[in-house]
*Asks:* 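Handing you this structure, nothing more for now.
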Number of protein chains: 4
Amino acid sequence: MSATTSSPIEGAPATRARRADARQNADALVEAATELFAEAGVDVPARTIAARAGVGVGTLYRHFPLRSDLISAVFRRELDACVAAAAPLEEAYPPGEALDRWIMRYTQFVAAKRGLAAALHSGDPAYEPLATYFSTHLTPTLGRLLASARRAGEISQEVDAAEFLGAVADLCHGVRPGGAASGRAERMVGLLLAGLRSGEGGD
Amino acid sequence: MSATTSSPIEGAPATRARRADARQNADALVEAATELFAEAGVDVPARTIAARAGVGVGTLYRHFPLRSDLISAVFRRELDACVAAAAPLEEAYPPGEALDRWIMRYTQFVAAKRGLAAALHSGDPAYEPLATYFSTHLTPTLGRLLASARRAGEISQEVDAAEFLGAVADLCHGVRPGGAASGRAERMVGLLLAGLRSGEGGD
Amino acid sequence: MSATTSSPIEGAPATRARRADARQNADALVEAATELFAEAGVDVPARTIAARAGVGVGTLYRHFPLRSDLISAVFRRELDACVAAAAPLEEAYPPGEALDRWIMRYTQFVAAKRGLAAALHSGDPAYEPLATYFSTHLTPTLGRLLASARRAGEISQEVDAAEFLGAVADLCHGVRPGGAASGRAERMVGLLLAGLRSGEGGD
Amino acid sequence: MSATTSSPIEGAPATRARRADARQNADALVEAATELFAEAGVDVPARTIAARAGVGVGTLYRHFPLRSDLISAVFRRELDACVAAAAPLEEAYPPGEALDRWIMRYTQFVAAKRGLAAALHSGDPAYEPLATYFSTHLTPTLGRLLASARRAGEISQEVDAAEFLGAVADLCHGVRPGGAASGRAERMVGLLLAGLRSGEGGD
DNA sequence: AATGAATGAGGGTTCATTCAT
DNA sequence: TATGAATGAACCCTCATTCAT
């Protein structure tokens, strides 16, 4: 019985309709924000988002009182998908390759989401929840992949999963999907992964 | 006794003295901007910078009509020092080590200058001149170091100098000197350098 | 019972009521602008207008995003009244007198609206719409009056309606209602009208 | 012995040189202002004028502490020339034609001096001296021409010289030399002069 | 629950004017 | 006397956020 779910037994269909409406609005807002974050960064004006979603600003604030709430809503689903992509990769490939493939998937995701990297390292407390989401969901996933690869003798460098995720996100910074920088992030992340294999040991 | 140092035996006192004053203001502004860029990013309000320097806004605009002028003034000297540091390293060390040491020097510099990386990838045309400065000064320097290392058989990966510089700058993103992230940038750059040596060739 | 009059039997109360409020603000702004344009010219600061209307600047910009929007709002109604005044005069008086009377009415209107003339000839593109309004509404009206008078053999001079309107507006320039210059504009416009009758023909 | 002429006997040639320099600067400023007033109106920034004259702003303020001082300096010479043009016309032509010709000369002068008319009727006390100059120099000149013409039975309307001068200036408002409005002022002033002849008597 | 009007702080930039040199 | 650096008030305009309806 979460706080956002009201009593399971309620009679008025009107209320239910209301709720459905509200849900639709929230969805429209997330969709609009997704598009606009990609087009113009996470600092796009609130009114612009509301307008794109076809609702009033008030509605935006009702559903997402903090900007970070909207950011989280925008990225959470895809972040979850990213996490979920790990298991199949672990089954289908040997540890080293699973690691590479997952990181590349993550790279493409972050690169595609202009503003995500910026938000993560902005230092603005508003984005704390997003950082938290990373550390509770993505970091353990990468940690597992790294541990497997190490156990299999594939990587020799000691590396902190959170740090690595952050590094990859940073390398996607400023990349616009389809822009001139396309490919840059992937190449640099490739170097990072290659570095992981190098035999000099973790100093 | 350079022209900018006011000689004790002055030739045109009035003008010289005024110039010295103005110069001091410009210096104070650069200093204030340096601090504030580090504390709060390159988007810190013009008024704040002027106040910190103890001058009026008008003075800031007189000396640095464009924001990029101030950015350049803040970073140019140290950027030049960074470029100049390459030659001695090339003489004192074998190519591979010279490369590593120079990159680490560059890393520390960028990490110390919060806001530099952000400015570089902001996409704001105001920072174009800074990007240009990079491509005309730093990129050739790294290009030379990379070429030597490759000739010496030290590195096998194909890599674009500008891309690599950008990647390092990105990895320094969000790092506050002495902050919790300290060391992170260096570690990740180390991985990048290790990746350069890996034998898988440029794909 | 026009659409703009809030009917006592309201259909959609909430929205309607808000609209009424907003409308009142817009009206207050127009009123404040009218006064201030007269007192201090059309270049009076936006904040001053907002303050006089008892609203925030944002409200002013919401209702009148461009300065010319406010200008238009200030003058349009009276401009329309001026246009509408022509027909009755044409019916009630012979062509020559109708022309004189209408021009005098126009003169009094422009003289009462300090800033109108200035705006018209400022050359500032912001006031283009106002000039357009003149050429599409007032100019044809005067054109008709002039044509009738000429047909009736009352005037012999060839004159362009737009030019004549502009001239009258210019003659009202700097006139403050009730100020020392009062009467000056009317006298000079009278001379202009007398000149129209003179028999020397169009040169 | 005007107030601006210092003691006629002074020894130091250096001082004299100084004075010559100062005079040159003042002249350069007047010239620059003349150009800029025509190009951009009387509200052109002080620095722009100083720059065009090749002097510092301080020099501008030394010579013309008030903006109106500069305005006056700019127009006085030509205003004087305008006044001086009356006598020859009075000798060469019959009163009515002398009046017409002088008014047209005045019209062309004012039309050529963008900003003059605006300054005259701005209501800004800064331009008072200019208005005073008008009433003490130009007004009597026109008064004389009008009186002669009336005495000769050429004009029947009663008209105030100052008012008429103001009206002509207003009609030149917004006219840019060589611009689209060229000719408009002359045509309207022609109407005014024709009106002066009309036989309806001064009402 | 939705709306969007209103608020007003905030940041950029320009210039008139002063004044130390 | 000339200079031009410095000052800071004044304007413009844009949002984030609140709240009456």
Side-chain angles (χ1 to χ4, degrees), chain A residues 14-15 17-23 25-26 43-48 50-51 54-63 65-67, chain B residues 10 12-26 43-51 53-63 65-67, chain C residues 10 12-26 43-48 50-51 53-63 65-67, chain D residues 14-15 17-19 21-23 25-26 43-48 50-51 54-63 65-67:
Chain A
T15 308
R18 261 297 152 73
R19 199 157 289 145
D21 258 30
R23 183 54 190 263
N25 277 340
D43 288 330
V44 69
R47 291 154 96 85
T48 307
V55 304
V57 253
T59 305
L60 187 160
Y61 279 93
R62 164 177 297 274
H63 289 289
L66 270 26
R67 175 156 289 245
Chain B
E10 72 281 339
T15 307
R16 251 328 143 69
R18 184 34 125 183
R19 287 252 162 89
D21 246 41
R23 182 57 191 263
Q24 280 191 341
N25 276 337
D43 288 330
V44 68
R47 280 213 237 288
T48 307
I49 300 172
V55 303
V57 246
T59 304
L60 187 160
Y61 280 97
R62 163 179 290 274
H63 289 287
L66 270 27
R67 178 157 288 248
Chain C
E10 72 280 341
T15 306
R16 238 351 129 67
R18 182 37 122 184
R19 286 253 163 88
D21 247 41
R23 184 55 191 263
Q24 278 192 340
N25 277 337
D43 287 330
V44 68
R47 279 219 237 286
T48 306
V55 304
V57 246
T59 303
L60 186 159
Y61 281 99
R62 163 180 291 274
H63 289 287
L66 270 26
R67 178 157 289 249
Chain D
T15 306
R18 261 296 151 72
R19 198 156 290 147
D21 259 31
R23 184 53 192 264
N25 279 339
D43 287 331
V44 68
R47 290 152 95 85
T48 306
V55 304
V57 250
T59 304
L60 187 161
Y61 278 93
R62 164 177 296 274
H63 288 288
L66 269 28
R67 175 157 289 245

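Reminder, nothing fancy here: chain letters follow the sequence lines and each chain counts from 1.
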*Asks:* Considering residues at least two apart in sequence or located in another chain, which fulfil the side-chain contact (heavy atoms from CB on, under 4.5 Å) criterion with A:R47?
*Replies:* A:V57, C:R62
*Asks:* Based on Watson-Crick and G-U pairs with both distances under 3.5 Å, what dot-bracket line describes DNA chain E 5' to 3', crossing pairs as [ ] and inter-strand pairs as |?
*Replies:* .||||||||||||||||||||
*Asks:* Is D:N25 near enough to F:dA2 that one of its side-chain N or O atoms lies under 4.0 angstrom from OP1 or OP2?
*Replies:* yes
*Asks:* From the options E:dT7, F:dA2, F:dA5, select the nucleotide whose nearest atom is closest to the side chain of D:R62.
*Replies:*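 The answer is F:dA2, which lies nearest to the side chain.
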*Asks:* For the atom pair OG1 (B:T48) and CG (B:D43), what is the distance rounded to the nearest 0.5 Å?
*Replies:* 11.5 Å
*Asks:* Determine: side-chain N/O of B:T59 to OP1/OP2 of F:dA5, distance under 4.0 Å, yes or no.
*Replies:* no
*Asks:* Phosphate oxygens OP1/OP2 of F:dA2: is one of them under 4.0 Å from a side-chain N or O of D:H63?
*Replies:* yes
*Asks:* Whole angstroms only, please: what is the CG-P distance between C:L60 and F:dC11?
*Replies:*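 Spelled out: CG on C:L60 to P on F:dC11 is 14 Å.
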*Asks:* In Å, rounded to the nearest 0.5 Å, how long is the span from CG of A:L60 to CZ of A:R67?
*Replies:* 8.0 Å
*Asks:* For a quick test of reading the model, state the closest non-hydrogen atom pair linking B:H63 to B:A26 and the distance between them.
*Replies:* ND1-CB, 3.9 Å
*Asks:* Polar pairs (N or O, both sides) under 3.5 Å between protein and nucleotides 14-18 of chain E?
*Replies:*
from	atom 1	to	atom 2	distance (Å)
E:dA16	OP2	D:A46	N	3.0
E:dT17	OP2	D:Y61	OH	3.3
E:dT17	O4	D:R47	NH1	3.4

*Asks:* Separation of D:D21 atom CG from F:dT3 atom C1', in whole Å?
*Replies:* 14 Å
